[in-house]
Engineer: 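Have a look at this one before I ask anything.
In the text below, chain A, chain B and the rest are named by the order of the sequence lines, each starting its count at 1.
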Amino acid sequence: MTINIDKKQFQEDLIGWFLAEKRDLPWRRTADPYQIWISEIMLQQTRVDTVIPYYKRFVEKFPTLYDLAEADEQILLKEWEGLGYYSRARNLQAGVKEVAENYGGIVPDNRKDFSSLKGVGPYTAGAVLSIAYGIPEHAVDGNVMRVLSRILLIEEDIAKPKTRKLFEEAVTEIISHEDPSSFNQGLMELGALICTPTSPKCLLCPVREHCAAFDKGKQHDLPIKTKAKKNKAMQFAMIAIKEGDAILMEQRPTTGLLANMWQFPMMELTDEVLPLQIEEELSENFSGVVDGVEKITSFKHVFSHLTWNVDGFIAKGKNLKIPPHMKWVTAEELDLLPIAGPVQKMKTALQLRGDV
DNA sequence: CAGACGTGGTA
DNA sequence: TTACCAAGTCT
């Protein structure tokens with residue numbers, strides 16, 4: 001591709017602006033590749049304001065790479081609770097363990113080795129290598145594609161995986177070799193503060209004079225991005241089964257949605273269900289007695305790709321035979337289990353009633 | 001490659 | 001309310 005900008009001047013304008021205007025973020029106060037790695041994983045598809053408190057707690061709880069490598073997965077997931085995309089946490093720990101075991105605890109300083117780690121894709125590899133080690137590697141995220149699509153007037157669909165390579169080539173071409181860290185971060189910071197998806201602040205832009213879209217008045221038409229499809233709805237009954245003070249919880253499978261997280265036992269519904277039907281089905285499933293089923297709440301939880309419509313019930317259990325992925329917990333133990341959004345809503349409903 | 005994979009903020 | 005988004009990666 002042909003790039004019609006003055007590279008040297010562009011780098012100077014971008015980096016100069018970044019160094020003067022950059023936000024004071026927690027992960028910009030460390031030079032530790034491990035901590036920078038954590039920040040990049042947390043920031044995937046997640047807002048800066050959301051990440052800040054999680055990042056602070058996380059590095060305090062797991063200050064060194066070895067602290068995380070040795071951490072119990074339930075503790076780890078509990079720290080990640082509410083951040084979403086939970087496989088990021090488990091992949092991060094898998095990556096950290098590999099560094100501890102195979103790299104002497106030193107985060108690899110080259111793309112080939114670092115990219116081989118779980119959860120480290122092309123963006124994260126470039127981000128950590130450039131920010132932590134000052135290596136001139138591309139780090140192309142959504143911000144960078146939006147910013148460069150405007151500056152270079154690139155009209156490819158950024159929703160297509162193939163397009164990212166085009167931007168990686170562009171960055172490789174124009175990245176500063178004197179300060180690749182500020183260059184990459186500057187591109188992203190510009191996307192976050194100035195070159196925003198809607199209403200870009202072009203009059204405040206430090207690289208306006210390099211921008212082909214601004215020159216042609218097309219900044220509002222870029223980037224080109226095909227829209228996502230809408231998600232599907234599912235119906236569930238979520239049942240809080242109590243035997244005395246103990247409450248029954250189940251752990252989700254090790255793969256897929258909310259992997260290894262905990263929840264109140266759930267039944268997928270095909271249509272409207274009555275408390276009596278729930279009693280029958282559960283009594284049969286647990287080879288015991290489940291009765292006193294009562295609906296206590298109803299809510300909707302929207303994930304990125306699907307929606308759960310949940311009816312929440314309470315019930316009493318006697319002499320239940322439970323499978324290995326379930327366990328009885330006290331209210332205190334319940335607070336230690338990692339649970340995701342919909343389960344949080346159910347737990348809140350129970351707490352309001354004084355049931356847990 | 002298309003779809004799975006969370007959450008909370010904003011228009 | 002609907003839709004889109006925000007520093008992506010894995011299968």
Side-chain angles (χ1 to χ4, degrees), chain A residues 18 22-23 25-28 36-55 77 80-92 94-95 114-132 138-148 157-165 167-168 171 181 184-193 195-199 223 225-234 252-261 263 300-308 338-345:
Chain A
F18 175 71
K22 65 178 179 180
R23 290 167 290 178
L25 303 173
W27 45 90
R28 287 181 175 161
I36 291 170
W37 181 6
I38 292 170
S39 75
E40 290 302 339
I41 298 299
M42 287 188 169
L43 286 163
Q44 289 170 8
Q45 301 290 285
T46 311
R47 285 182 159 71
V48 165
D49 288 344
T50 303
V51 168
I52 290 173
Y54 281 91
Y55 174 83
L77 286 174
W80 207 272
E81 182 182 289
L83 242 197
Y85 288 138
Y86 299 95
S87 66
R88 288 184 298 176
R90 297 184 307 122
N91 287 339
L92 173 60
F114 193 41
S115 294
S116 75
L117 304 176
K118 285 213 175 54
V120 178
Y123 163 75
T124 302
V128 174
L129 291 174
S130 61
I131 296 170
H138 59 72
V140 175
D141 69 341
N143 280 314
V144 172
M145 287 197 282
R146 181 176 60 259
V147 169
L148 290 185
D157 181 1
I158 68 167
K160 298 204 176 306
K162 188 178 176 184
T163 305
R164 199 196 66 243
K165 292 182 173 54
F167 286 93
E168 289 174 350
V171 172
S181 169
N184 280 341
Q185 291 188 78
L187 238 28
M188 293 187 277
E189 194 81 341
L190 193 64
L193 302 180
C195 196
T196 47
T198 57
S199 319
K225 186 178 187 181
T226 55
K227 37 190 171 288
K229 44 175 18 174
K230 51 196 308 185
N231 61 15
K232 289 169 181 154
M234 299 176 78
R252 295 179 58 84
T254 53
T255 58
L257 184 65
L258 309 179
N260 286 7
M261 303 286 281
Q263 64 188 17
K300 181 203 306 204
H301 188 85
V302 180
F303 294 96
S304 47
H305 61 303
L306 53 85
T307 297
W308 282 8
I339 60 178
V343 186
Q344 204 93 55
K345 288 172 182 167

Engineer: Say whether, by atom type as modelled, one donor and one acceptor occur between the side chain of A:Arg88 and the main chain of A:Gln44 under 3.5 angstrom.
Structural biologist: yes
Engineer: What's the closest nucleotide to the A:Ser304 side chain, out of C:dG8, B:dC5, C:dA6?
Structural biologist: B:dC5
Engineer: On the side chain of A:Thr46, is there an atom forming a donor-acceptor pair with the base of B:dG6 - under 3.5 Å, no angle test?
Structural biologist: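 Such a pair is found, so the answer is yes.
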Engineer: A:Met261 and side chain to side chain contact (heavy atoms under 4.5 Å, CB included): which single residue from A:Ile339, A:Val343, A:Leu77 fits?
Structural biologist: A:Leu77
Engineer: NA contact type, A:Lys232, heavy-atom cut-off 4.0 Å: base, sugar-phosphate, or nothing?
Structural biologist: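 Nothing: the residue A:Lys232, judged by heavy atoms under 4.0 Å, touches no strand.
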Engineer: Quantified in whole Å, what is the P atom distance between nucleotide C:dA6 and nucleotide B:dA4?
Structural biologist: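 So the two P atoms sit 22 Å from each other.
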Engineer: Would you indicate what A:Val120 reaches in the nucleic acid, counting non-hydrogen atoms under 4.0 angstrom: base, sugar-phosphate, or nothing?
Structural biologist: sugar-phosphate
Engineer: Over all strands shown, is A:Gly256 touching base, sugar-phosphate only, or nothing at heavy-atom distances under 4.0 angstrom?
Structural biologist: sugar-phosphate
Engineer: Separation of A:His301 atom NE2 from B:dT7 atom C1', in whole Å?
Structural biologist: 7 Å
Engineer: Within the 3.5 Å criterion, strictly below it, is a donor on A:Tyr86 or A:Glu81 matched to an acceptor on the partner's side chain?
Structural biologist: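 No donor-acceptor contact under 3.5 Å links the two side chains.
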Engineer: Rounded to whole Å, how long is the line connecting atom CZ of A:Arg252 with atom C1' of B:dA4?
Structural biologist: 13 Å
Engineer: Starting at the 5' end of DNA chain B, which residue's closest nucleotide do you reach first, A:Thr255 or A:Arg47?
Structural biologist: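 Residue closer to the 5' terminus by nearest nucleotide: A:Thr255.
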Engineer: Within this structure, what is the NZ-to-P distance between A:Lys300 and C:dA3, rounded to whole angstrom?
Structural biologist: 11 Å
Engineer: Over all strands shown, is A:Lys162 touching base, sugar-phosphate only, or nothing at heavy-atom distances under 4.0 angstrom?
Structural biologist: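 The answer is sugar-phosphate, as A:Lys162 gets under 4.0 Å only of primed atoms, P, OP1 or OP2.
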Engineer: Provide, to the nearest angstrom, the distance between the CG atom belonging to A:Leu92 and the P atom belonging to C:dC10.
Structural biologist: 12 Å
Engineer: May I ask you to list the residues of residues 82-90 of chain A, by number, that have any heavy atom positioned under 4.0 Å from an atom of DNA chain C?
Structural biologist: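 Within this stretch, nothing sits under 4.0 Å of the strand.
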Engineer: Respond yes when some side-chain nitrogen or oxygen of A:His305 is under 4.0 Å from OP1 or OP2 of B:dC5, and no when none is.
Structural biologist: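 True: A:His305 side-chain N/O within range (under 4.0 Å) of B:dC5 OP1/OP2.
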Engineer: Look at all strands and tell whether A:Trp80 reaches a base, only sugar-phosphate, or nothing, counting heavy atoms closer than 4.0 Å.
Structural biologist: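 Nothing, no heavy atom under 4.0 Å.
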Engineer: Considering only NZ, NE, NH1 and NH2 on the basic side and carboxylate oxygens on the acidic side, decide whether A:Glu189 and A:Arg28 come within less than 4.0 Å.
Structural biologist: yes
Engineer: Send over the distance from A:Asp49 CG to B:dT10 C1', rounded to a whole Å.
Structural biologist: 13 Å
Engineer: Between C:dC4 and B:dG3, how many Å separate the two P atoms, rounded to a whole number?
Structural biologist: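 Between the two P atoms, the distance is 15 Å.
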Engineer: Can you tell me, in whole Å, how much space there is between the P of C:dT9 and that of B:dG8?
Structural biologist: 22 Å
Engineer: Give the rounded distance in Å between these two atoms: OH of A:Tyr123 and P of C:dT9.
Structural biologist: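 To the nearest whole Å, that distance equals 8 Å.
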Engineer: Return the value, rounded to whole Å, for the distance between atom CE of A:Met145 and atom P of C:dG8.
Structural biologist: 8 Å
Engineer: Of the listed nucleotides (B:dA2, B:dT7, C:dA6), which one gets closest to any side-chain atom of A:Pro161?
Structural biologist: B:dA2
Engineer: Which is more 5' along DNA chain C, the nucleotide nearest A:Ser115 or the one nearest A:Glu40? Just name the residue.
Structural biologist: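 Between the two, 5'-proximity favours A:Glu40.
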Engineer: Starting at the 5' end of DNA chain C, which residue's closest nucleotide do you reach first, A:Arg164 or A:Thr196?
Structural biologist: A:Thr196
Engineer: When you measure from the side chain of A:Arg146 to the backbone N and O of A:Ile158, does any donor-acceptor pair fall under 3.5 Å?
Structural biologist: no
Engineer: Ignoring backbone atoms, test whether A:Thr124 places a side-chain nitrogen or oxygen under 4.0 Å from the OP1 or OP2 oxygen of C:dT9.
Structural biologist: yes
Engineer: For A:Leu25, report the nucleic acid contact type (base, sugar-phosphate, nothing); a contact means any heavy atom under 4.0 Å.
Structural biologist: base
Engineer: Would A:Arg252 and A:Gln263 count as having a side-chain donor-acceptor pair, cut-off 3.5 Å?
Structural biologist: yes
Engineer: Name the atoms and distances for all side-chain donor-acceptor pairs under 3.5 Å in residues 115-122 of chain A, with sequence neighbours left out.
Structural biologist:
residue: A:Ser115; atom: OG; partner: A:Arg111; partner atom: O; Å: 2.8
residue: A:Ser116; atom: OG; partner: A:Asp113; partner atom: O; Å: 2.6

Engineer: Provide, to the nearest angstrom, the distance between the OH atom belonging to A:Tyr54 and the P atom belonging to B:dT7.
Structural biologist: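 Distance check: A:Tyr54 OH to B:dT7 P gives 9 Å.
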Engineer: Mind checking the C1' distance from C:dG8 to B:dC1? Whole angstroms is fine.
Structural biologist: 16 Å
Engineer: Answer yes or no: is there a donor N or O on one side and an acceptor on the other, between the side chain of A:Ser130 and the main chain of A:Gly126, under 3.5 Å?
Structural biologist: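 Yes: the side chain of A:Ser130 pairs with the backbone of A:Gly126.
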Engineer: Check this for me: does the side-chain of A:Thr50 come within 3.5 Å of the base of B:dG8 through a donor and an acceptor?
Structural biologist: no
Engineer: I want to know whether A:Trp80 and A:Tyr54 have ring centres closer than 6.0 Å.
Structural biologist: no
Engineer: Could you please name the option among B:dA2, B:dG6, C:dA6 that lies closest to any side-chain atom of A:Pro197?
Structural biologist: C:dA6
Engineer: Could you tell me whether A:Ala139 contacts a base, only the sugar-phosphate backbone, or nothing, with contacts defined as non-hydrogen atoms closer than 4.0 Å?
Structural biologist: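 Nothing, no heavy atom under 4.0 Å.
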Engineer: Assign A:Val48 to base, sugar-phosphate, or nothing according to its heavy-atom contacts below 4.0 angstrom with the strands shown.
Structural biologist: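 Touches a base.
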